[in-house]
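What follows is one structure encoded as structure tokens, with my remarks underneath.
Proteins get letters first, then strands, A, B, ... in listed order; numbering begins at 1 in each.
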2 protein chains.
Amino acid sequence: MNFEEFKNCGLRRSLNILSGKWKPLILQNLFEEDRVRFVELWRNMPRVSKKVLAEQLKQLEKDLIIERTEVHNFPPEVYYKLTERGQKLGPILSELHSWGNGLA
Amino acid sequence: MNFEEFKNCGLRRSLNILSGKWKPLILQNLFEEDRVRFVELWRNMPRVSKKVLAEQLKQLEKDLIIERTEVHNFPPEVYYKLTERGQKLGPILSELHSWGNGLA
DNA sequence: CGGAATCCGGGAGGATACTG
DNA sequence: CAGTATCCTCCCGGATTCCG
């Protein structure tokens, strides 16, 4: 396989989607709780600026991995959850986790 | 899961190992041919400078994913192949590939 | 609370030249 | 052939401030 073939292959797309300093941690939280509020997410990763967190969420949303739901209140409430497609990542990330721990 | 727990988890380690613009393509080549010479690798990705290619290879070697073998000739010959650990990545990357193509 | 707007620094990656 | 050695560019992520 050369670069031209690689450009449009699924592996590259997947890794592009996952690449982003905070995306794996975001997904991890969504696998655990299945519906998480912006501020809860932010509390679990207090070293991110809210700008960056919002960016990563937007990208995941655009890639159809997560869904955003807004409750029109004041103060506003915004929830994020995995899409069906996002949930299918679960087993794969779990294997990567095991592999990274030397268990596989 | 918060950031402190995430820092040392297997998922993060795995994605760190895979992150690098050319690493997935390098691995793809090694899965296909099982023993590849530096220059062959380089021909398959002519847009990389040799410096960068060497860097990525060094990192994969340090992470024990690939092995370097040098034949002391002139001109020199250097071969790269997957380690046992590296080969275990195969099925996982294959699933990521399918997922990225919307097949899973 | 959940962002958007602005500014900024560091580091990954690229271009080129050289060497054993 | 298989790399180093320099130099440079670009952009991701961080810090801060402001808004509905």
Nucleic acid contacts of residues 68-76 of chain B, taken as heavy-atom distances under 4.0 Å to DNA chain D: B/Arg68, B/Pro75, B/Pro76
Could you state the CG-C1' distance from B/Leu18 to C/dA12, rounded to the nearest angstrom? 17 Å
According to salt bridge (Lys or Arg N to Asp or Glu O under 4.0 Å), who are the partners of A/Glu70, at least two apart in sequence or on a separate chain? A/Arg68
Between B/Asn8 and B/Arg13, a side-chain donor and acceptor under 3.5 Å: no
Output the rounded distance in Å from CG (A/Leu57) to C1' (D/dG13). 15 Å
So A/Ile26 and A/Leu53, do their side chains get closer than 4.5 Å, heavy atoms only? yes
OP1, OP2 of D/dC12 versus side-chain N and O of A/Gln56: anything below 4.0 Å? no
Taking the side chain as C-beta and beyond, is there a heavy-atom pair between A/Pro24 and B/Arg12 under 4.5 Å? no
Report yes if the side chains of B/Asn2 and A/Leu25 come closer than 4.5 Å at any heavy-atom pair, otherwise no. no
Short side-chain N/O contact to C/dG3 OP1/OP2 from A/Tyr80, under 4.0 Å: yes
Heavy-atom pair of closest approach, residues A/Thr83 and A/Leu64: OG1-O, 2.8 Å
So what stems show up for DNA chain D if we need 3 or more Watson-Crick or G-U pairs in a row, all under 3.5 Å? C:1-20 with D:1-20
Is the closest side-chain donor-acceptor distance between A/Gln59 and A/Lys23 under 3.5 Å? yes
Can you measure B/Asn16 atom CG to C/dA12 atom C1' for me and round it to whole angstrom units? 14 Å
State, with a plain yes or no, whether a side-chain heavy atom of B/Trp99 is found less than 4.5 Å away from one of A/Arg85. yes
Any pair counted as side chain to side chain donor-acceptor pair (under 3.5 Å), so long as it reaches residues 26-42 of chain A, sequence neighbours left out: A/Asn29-A/Asn44
To the nearest Å, how far apart are B/Glu55 CD and D/dG3 P? 13 Å
Separation of D/dG3 P from B/Tyr79 OH (nearest whole Å): 12 Å
With A/Lys50 via salt bridge (Lys or Arg N to Asp or Glu O under 4.0 Å) - residues at least two apart: none
Check: B/Trp22 and A/Phe3 side chains under 4.5 Å, non-hydrogen atoms: yes
Does anything in residues 19-53 of chain A come within less than 4.0 Å of DNA chain C? Heavy atoms only, and list the residues if so. A/Arg37, A/Phe38, A/Val39, A/Arg43, A/Lys50, A/Lys51
